[in-house]
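Quick notes on the structure that follows.
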Amino acid sequence: MNVQNKIQSLRETLNQHNHNYYVLDKPTISDFEFDQLLKELQDLENQHPEFFDENSPTQRVGGSITKNFNTVVHEHRMYSLDNSYSTEDLMDWEVRIQKILGNVDLDYTCELKYDGASISITYEEGKLTKAVTRGDGFQGDEVTNNIKTIRSIPLQLKGNYPPKFDIRGEIILPFAGFEKMNQELIEIGETPYSNPRNTASGSLKLQDSTEVARRPLECLLYFIVGNNLPFQTQFEGLQAARDWGFKVPSQSKLAKNMQEVLDYIAYWDVHRHDLPYETDGVVIKVNSLQYQDELGYTAKSPRWAMAYKFKSEQVSTRLNSISYQVGRTGAITPVANLEPVQLAGTIVKRASLHNADQIEKLDIRIGDKVFVEKGGEIIPKIVAVAERGNETEPTYYITHCPECQTKLERKEGEANHYCPNFYGCPPQIIGRIQHYITRKAMDIEGLGGETVALLYQNGLVKNYADLYDLKIEQILPLERMAQKSAENLINGIEKSKEVPFERVLYALGIRYVGETVAKKLAKHYKNIDAIATASIMDLILVDEIGDKIAQSVIEFFENQDNCDTIDRLKTAGVQMAIDESKSTVVSAILEGKTFVVSGVFEKFSRDDLKKAIEDNGGKVGSSISAKTDYVVAGANMGPAKLEKANQLKIPIISEDDFLGMINN
Ligand code: AMP
Ligand code: ZN
């Protein structure tokens, strides 16, 4: 097979696996095998830039930066939907349209109303050419590069598609992905996102498409627009979209009459809570495209469609006060203190107010009765003022930190205010030490978050290096501190000196340096001094380290206080380098040799086999190339690999051969 055909066939294979995984939820190969194929394609594309294709599956990882998003006029306007809230509303709607159509037999397509950001994607000759946000319905922003990173959106269609059409869908963040993103933010001390919808919609306008690629976004499709479409009904349209490779939720249903529409609504009003993503209603569409044509549009929305909104669980109660919390990184969160009230089975006393803009937009004042709602998020939120209180005053957002009185700052484009007094603001100081001792960081046994606060309040620790100077006689006088627990605490601190460097690096609490990034940096630089002296260019070259992280690392080490603290940790005996003696080097027998592993093994898991190669000084390559010395082949080695190895005359060895090599 020549290179061009090889590239083409890899692209097709990868597209199909993407589809199996992200659209059908039925992967047929392991992530590892997928990565191998992708790597193989990447290598070939790098060697043969003449076969570049902007819709290659290798382009999913992003990389492009969009400074300004172009405004694009929609070829077909993107309308809103009329809303209905009751059975009567729907019956009235049916009467209205039947008047226009002349009492015909009507069936309807029922779909869930996905709660995200709408998008219009253009395909020409089966290729994704353009993706535009809804904007004002007439024109939106072109976000093609960002959209291409979403794995469930096909870059190349399959089957019998029309030469040109637009498809409309909703970009959403499923709950699981949203929670994972927030977990990672909490880990690095950032404020979590407030809800999946805003996060999804904010993602579309990120300048760095690599960042978009990291977010577990999905696109659910619901409508095709174009000329000479090969179907007559909305329901067939959904099926056609599926056939061409789009993700169309299977919950969509054909209702033969209004009664079946109502049944659908009743069912999903209950079962919507079991869905992996948020839905706020149902969309009902006249099924026949011909009738849709006859019905046409009002100034704002199609006459042939209607949204039915579920009632969200909402109560009203009095807003007693607003408090402002300061997080570990200085981010300020406004919290509403409410007159306790029963909502969706729990008593709610506090609710999120998000940020200054939201408070101002809703004009929320202390003393007001406010509507509190439980949406997709865990903490309930205030959605509107229900009734203005007596003699209320507008809420002025605080200008100074409630804990240290420093003037607050707000970064361009960010919703949150920050207290910039990182090294003098008590909750930030305490928060950093609390982070330092957590399980994933230094895991200091016998020391908890409250004790940290107590130690700080008693002037015993001001930063994490102070922990190592603590004496038992200093902590014994503390509240509720018995001899035994004081000893445990001191022992726990002592033991933390054995914690490996990568976790120490995470424990330092450098902004944006979470667990994974810390591992990457530790592995790459091996010790703290190398990290401290790395330039920004140098840092960016490390796998998965972007601008934001690199900048933050630089800033951390530019601060003299931080450098002093690290010196003290070093002196105390905390691990500031990877302990090479602890890595399990068994021999150097494979030194200088590169292996590629393929297939399934009997005596090793694939990971163990790779580890055995590395432990003996060898290197593991991800795809076969002229640089490969041996291919270790198990059962079911891929035919492409076999061919490649033969072509390059690379010896293929079995796992027993390999064992023989290292036991020699
Ligand atoms: P609204 O923004 O309340 O006027 O509702 C209209 C929006 O609902 C559309 O712009 C779509 O983004 C969104 N939507 C979500 N699910 C669907 C669906 N199944 N059919 C049509 N529109 C939908
Ligand atoms: Zn402060």
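Indexing begins at 1, ligand by ligand and atom by atom, following the structure's order.
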Quick one: does ligand 1 sit under 4.0 Å from the side chain of [X], the backbone, both or neither, non-hydrogen atoms only?
{"X": "L112", "value": "backbone"}
{"X": "K285", "value": "side chain"}
{"X": "E170", "value": "side chain"}
{"X": "Y114", "value": "both"}
{"X": "R134", "value": "side chain"}

- Message: Under a 3.5 Å distance rule, please check whether R134 uses its side chain to pair with a backbone N or O of S118 as donor and acceptor.
- Response: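 Checked: no pair found.
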Pair [X] + [Y]: basic N to acidic O under 4.0 Å:
{"X": "E218", "Y": "K247", "answer": "yes"}
{"X": "D269", "Y": "K311", "answer": "no"}
{"X": "K130", "Y": "D166", "answer": "no"}

- Message: Under 6.0 Å between ring centres: does that hold for W93 and Y308?
- Response: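 No, the ring of W93 stays outside the 6.0 Å limit from the ring of Y308, centre to centre.
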- Task: Step through it carefully: locate the ring centre of Y123, locate the ring centre of Y161, and say whether they are under 6.0 Å apart.
- Result: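 No, ring centres 6.0 Å or more apart.
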- Query: At what distance is the nearest protein heavy atom to atom 5 (O) of ligand 1, and which residue and atom is it?
  - Reply: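 That would be K113 NZ, 3.3 Å.
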- Message: Which residue and atom name correspond to the protein heavy atom nearest atom 11 (C) of ligand 1, and how close is it?
- Response: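 Here the closest protein heavy atom is Y222 OH, 2.9 Å.
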- Task: Starting from the Zn ion (ligand 2), count all protein N, O or S atoms within a radius below 2.8 Å.
- Result: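 If we list every protein N, O or S atom nearer than 2.8 Å to the Zn ion (ligand 2), we get 4.
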Between [X] and [Y], is any side-chain donor less than 3.5 angstrom from a side-chain acceptor?
{"X": "D263", "Y": "Q259", "value": "yes"}
{"X": "N562", "Y": "Y423", "value": "yes"}
{"X": "R410", "Y": "N416", "value": "no"}

- cation_pi(R77, Y79) dist<6.0 Å, angle<=45: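 Positive - R77 is close enough to the ring of Y79 and near enough to its axis.
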- Item | side chain to side chain donor-acceptor pair (under 3.5 Å) partners of residues 219-235, not counting sequence neighbours, each pair once |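 Sorted result for residues 219-235: E111-Q234.
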- Polar proximity ligand 1 side, N83 side, N/O cut 3.5 Å exclusive: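 No, N83 has no N/O under 3.5 Å of an N/O on ligand 1.
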- Message: For ligand 1, which is the ligand I care about here, please tell me if V283 has any N or O atom under 3.5 Å from one of the ligand's N or O atoms.
- Response: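 No; the residue has no nitrogen or oxygen that sits under 3.5 Å from a nitrogen or oxygen of the ligand.
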- Task: List every atom of ligand 1 that sits less than 4.0 Å from any heavy atom of E111, numbering the atoms from 1 in the order shown and giving each element.
- Result: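 That gives atoms 18 (C), 19 (N), 20 (N) of ligand 1.
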